[in-house]
There are 2 protein chains.
Amino acid sequence: MTKNEKSSPKITIFEVAAEAGVSFATVSRVINHDIHVKSETRDRVLSAMQRLGYVANRQARSLAGGKSNTIGLLVPDLGTGYIGEIIRGIDTELSWSEMDLILYTTHRTAAKEANYVANLARGMVDGLLLVLPRNPVDYIETLTRRNFPFVLIDHQGTVENCPAVGATNWQGAYTATEYLIQLGHKRIGFITGSMDLGCAEDRLKGYRSALRTNHIPEAAELIYEGNFFQPDGYAGACALLDLKNPPTAIFASNDVMAMGVMDAVRNRGLRIPDDISIVGFDNIPQSAMVYPPLTTVQQPLEQMGRVAAQMLINILKNGEKDSSRIELPTELIIRSSTSSPRDRVG
Amino acid sequence: MTKNEKSSPKITIFEVAAEAGVSFATVSRVINHDIHVKSETRDRVLSAMQRLGYVANRQARSLAGGKSNTIGLLVPDLGTGYIGEIIRGIDTELSWSEMDLILYTTHRTAAKEANYVANLARGMVDGLLLVLPRNPVDYIETLTRRNFPFVLIDHQGTVENCPAVGATNWQGAYTATEYLIQLGHKRIGFITGSMDLGCAEDRLKGYRSALRTNHIPEAAELIYEGNFFQPDGYAGACALLDLKNPPTAIFASNDVMAMGVMDAVRNRGLRIPDDISIVGFDNIPQSAMVYPPLTTVQQPLEQMGRVAAQMLINILKNGEKDSSRIELPTELIIRSSTSSPRDRVG
DNA sequence: CTTTGTTATGTAAGCGTTTACATGAACATG
DNA sequence: CATGTTCATGTAAACGCTTACATAACAAAG
């Protein structure tokens, strides 16, 4: 008649309460760090929880409490290391606050994208972190209208002020361009990113400003419009090198395109950096591993993730509509894909 | 007295039921694709849902229904593109089945790892996909004991038969080694992965078998024990090149280490592939982008993700304990980091 | 026209929490 | 010693859904 030896029938707060000799409400209070529990009682409950191997049911907590302790991350894709870095940052930050991360990829939901964000906002997650490649005005509108907490990562421009963390794209491009100028380059090709993105626009502006400041005439033919993908870099480099008066340096708006540029340059038998200097943007892991290692503008990706997560958690906790944009500094990483231009005799 | 114009007070099945003129249970039946609903009624409910913009509360469904429609993915990290590929596969598969993906990183939970998996198993997710770098016997034991559905990705060996999907590591290493032999290499260095991993062991075995089959004596000094990280490749290459009689080719157990090897080789002023041929394993995206493009053994990462997700969904749906291991074929990708050895006159 | 069998729909009891409110104990105050 | 405060704990009502069970509706069969 040992009705005792049940192996593992769900342990709920009721079991814990019985074990500790208190009411289940007290157990709940302990779980939620409520002040009003005598510390002696708390210890008793805690040890009962331990003994029984209690672990709270999140679904139930969410239902009753109205929050899921989960935040959603919406990303376009995971192809490049780019997102990985950001996730690492988010993740470390989240680990401090008992939150879980749920991952959504937009490519996956392209079809039903319409009510997608709306769905998210309903119950599943408390807040959203958005890494969006295209202009997300519709998302953002929905989110704002519903007053749903979110933070934009690495996106800016077109949308008016809402919580976002980005990098100093303008500054980064300016610095890199100026560095090339100081090396002695006069004709510097530029391959843009997707121009519907604020960051791409800012990089282009930074490039232009540096030229202007240093009294170098801007040539329209030296600017090639790309889309942030490797083939764009390849095509852009080809186009630029085909010019009557080709550039001695090419600045690509991201590393992936810069690698495309490298390919194109090598395919033409030109040497890097002797014949052509190349600069990228992002400092993704492999940019240090290609040959020659790529000079690039580092984006503080991991930090962006961390800061974004912090912001969101803050909004969640304090309910404060912290609608500010934070810009993290970029940094020029000088490697071996850049040098002074060879003297080229007309 | 227009008590009507509330903007968006939560829409539950009750509202929908009222709107459609049925009981809430019928609405629930429609949601769950229950057979026993007159199609006319179903349509009425469906359109009511649409009109009201109803979206089910997942927490509540989980609580009541006992399953979360969410699966967890446990990964060590997201540094390399490696995991990204796998996730892409999982993701596409999941998108067919209305399941969500929740992401856990082990580094994040290293501290409380003990009951970690146990916690997961409780309510939050219906099943687990595990990509584990180290030997996860303890995890697996817990999971098995609790009879919790899971599938192992790219891991094998030490653990007895449980659902897993991997690649033909042995075969891949064998083929690559034989390819080098056929090119004329006689002294082939090998850099292992973490030897506590089945895949690393299998790759080593494949290498050895190819040597044996082709009557090439195995030399202990040609095998360097690495850990799958880039610096190991660098160190391994240095050690191998310092030998009295150095190898003419180096086969690294993954691409990341192969890039380390490339660095080391270049730093010594040797040329790839003229002086040293290099082969990697994995075929991560950047292996095509380094210079020279790396010859490597492709792992069908994306497919592994897909298959693993399928298996898990199957287990979840049919409750069948499909404890088999699936091996997906690897393929040798020949690029430019390999060639016949230069004739070296002693 | 009653009986039996189907099928469609409604009713009510959970699922495991949180939390507003009620209760009770302990203790100081007048 | 009655009374008011404060703090610790208990009680009960949600949270939004699923699902076993009950019931109504309607044919077909006797």
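Note: hydrogens, waters and symmetry copies are ignored here, and every other heavy atom, side chains too, is used. Residue numbering restarts at 1 for every chain, and letters A, B, ... go by the order of the sequence lines.
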Residues at least two apart in sequence or cross-chain that pass side-chain contact (heavy atoms from CB on, under 4.5 Å) with A/Glu19, listed by chain then number, are A/Ala48, A/Arg51, A/Leu52
Is [X] close enough to [N] that one of its side-chain N or O atoms is under 4.0 Å from OP1 or OP2 there?
| X | N | value |
| --- | --- | --- |
| B/Ser62 | C/dC15 | no |
| B/Thr12 | D/dG16 | no |
| B/His36 | C/dA8 | yes |

Between CD of B/Glu40 and C1' of C/dT7 the distance, given in whole Å, is 15 Å
In whole angstroms, the gap separating C1' of D/dA14 from CD of B/Gln59 amounts to 16 Å
So ring pair (Phe, Tyr, Trp, His ring centres under 6.0 Å) across residues 13-35 of chain A, not counting sequence neighbours, yields A/Phe14-A/Phe24
5'-most contact on DNA chain C (nearest-nucleotide basis), B/Leu63 vs B/Ile35, goes to B/Ile35
Hits for salt bridge (charged side-chain N to carboxylate O under 4.0 Å, His left out) against A/Glu302, two or more places apart or cross-chain, chain-then-number order -> A/Arg306
Salt bridge (charged side-chain N to carboxylate O under 4.0 Å, His left out) pairs touching residues 20-29 of chain A, sequence neighbours excluded, are none
Whether each nucleotide of nucleotides 18-28 of chain C has a protein heavy atom under 4.0 Å at its base (B), only at its sugar-phosphate (S) or at neither (-) is summarised, 5' to 3', as BBB--------
Across all chains, not counting sequence neighbours, the side-chain hydrogen bond (donor to acceptor under 3.5 Å, both in side chains) partners of A/Ser28 are A/Asn32
B/Lys10 has its side chain closest, among D/dC17, C/dT9, D/dG16, to D/dG16
Here the gap from A/Leu101 atom CG to B/Leu73 atom CG, rounded to the nearest 0.5 Å, amounts to 11.5 Å
